[in-house]
Amino acid sequence: MTDNRPGGRAEIDLIVERALNGDQVGYAELYERFAASLYRLCYSLLMNEQDAEDILQESFLYAFKNLHRFDSGKASLKTWLYTIAVSRCRNTYRRKRFLTVDISQWFGFELKAPPADAPEAAVIRRDAAETIEKALTGLSPRLREAIVLRYGQGMTYREISEVMGCPQKTAESRVRLGHQRLRQSLQPEGRGLLEELLKVH
Amino acid sequence: MIKFKYRYCKVHMAKYLSGDLSDVTRRRIARFIDESQDCYEEYLRQREISDQLQRNLPAFGRPDSQRLDNIWMSLQSELAPASTGGLPGPGYLGNTPMGQSLFMVLLAAILLLPLAIGFHTSVTSIDLPPRPKLVDIERTPATRSNASSIGVLSTQSSFSNQVPLLQNTPEARFLQ
């Protein structure tokens with residue numbers, strides 16, 4: 001399974017039609033085209049491999065069973081699939097919000113971060129993906145969705161608005177706000193990170 | 001004026017960097033960046049974040065093929081009964097919420113029907129304890145004879161042969 005970028009809309013529609021006519025290869029082809037990107041989306045939103053796998057499976061199961069409902073005139077299949085997945089991700093982190101409790105907040109103490117000169121801190125600072133993952137986790141779910149769809153999936157604002165179920169202007173402002181929040185949280189580490197990267201390259 | 005420029009840049013910078021602005025706005029932002037040091041610094045900061053996100057986010061959680069294959073296998077096994085005409089599940093009545101609701105109502109009715117019938121028959125077949133026969137006390141001979149007697153009386157039928165009745169006689173008054 002490779003991350004094949006979906007082809008043109010007409011081509012996808014043909015595959016959907018084939019699948020609807022009972023062609024099993026059509027289903028496999030749709031899965032092959034969208035599974036990897038959909039998994040990345042789910043993982044970026046949930047930050048958990050097992051949850052991402054579950055949501056991917058649920059989303060495809062729902063999509064394949066309801067493929068006859070897909071209207072290519074309203075949205076692309078990619079947008080439709082992303083809408084299904086995002087909706088399920090929302091349910092998951094809504095459910096988990098009640099289960100995840102920060103005990104340190106309950107008892108009024110804060111867990112100390114490793115000191116800046118410790119080797120662990122240096123490793124963390126160099127690991128750009130980890131830093132961004134941490135910063136993304138700090139964003140509210142809606143802002144995270146907007147940022148992930150924009151920068152992780154390269155979607156246009158119009159597509160983001162369709163997937164998130166909001167007006168395009170809202171999608172734009174969510175991306176902008178998310179961008180600003182990330183800048184605030186990444187700034188202390190981000191500048192160091194950039195310097196490190198510049199040194200390496 | 002500088003503050004206005006800075007704010008304007010801050011609001012539009014993300015779109016400026018991704019090339020989503022109109023030509024007029026784009027040119028204006030570019031001019032502000034050239035003219036104002038604050039705007040330039042804002043541009044550098046936001047570009048840095050954008051670059052990081054564009055570089056790192058697409059690689060986030062990239063799955064290996066084995067994992068995707070496993071999910072596909074599970075999907076196939078879940079979809080197989082419906083597509084091959086195997087045993088129908090709840091989808092037999094249609095995958096619509098209406099069909100599923102109807103299925104659930106029918107299932108509940110089937111499960112509850114024997115209970116309802118059983119309850120009715122069990123109510124009618126319960127063995128009740130025998131009802132005691134009512135005795136018309138006022139019509140018994142004892143009650144009729146006791147009406148004229150004084151003192152403790154009992155029914156004539158059971159005790160008349162054993163205990164003499166105290167009558168309103170001179171002997172009785174003597175005994176008292």
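Order of the sequence lines sets the chain letters (A, B, ...), proteins ahead of strands, with each chain counted from 1.
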Backbone of A:Ala171 reached by a side-chain donor or acceptor of A:Arg150 within 3.5 Å = no

Geometric cation-pi criterion, A:Arg88 with A:Tyr62: 6.0 Å, 45° = yes

Which of the residues B:Gln66, B:Arg67, B:Lys10 is involved in the greatest number of heavy-atom pairs with chain A at under 4.5 angstrom?
-> B:Arg67

Salt bridge present between B:Glu42 and B:Arg45 (N-O < 4.0 angstrom) | yes

How are the rings of A:Phe64 and B:Trp72 set to each other: parallel, tilted or perpendicular (split at 30° and 60°)?
-> perpendicular

With only heavy atoms counted, which part of A:Tyr43 is less than 4.5 Å from chain B, the side chain, the backbone, both or neither?
-> side chain

Residue B:Asp20 versus chain A: region with a heavy atom under 4.5 Å = side chain

Answer with side chain, backbone, both or neither: which region of A:Ile147 has an atom nearer than 4.5 Å to a non-hydrogen atom of chain B?
-> both

Between A:Glu162 and A:Lys74, is there a salt bridge with N-O shorter than 4.0 Å?
-> no

Assert top hit (heavy-atom pairs under 4.5 Å, partner chain B, pool A:Glu172, A:Gln180, A:Gln57, A:Glu58) equals A:Gln57

Interchain contact, A:Tyr27 with chain B, by part (heavy-atom threshold 4.5 Å) = both

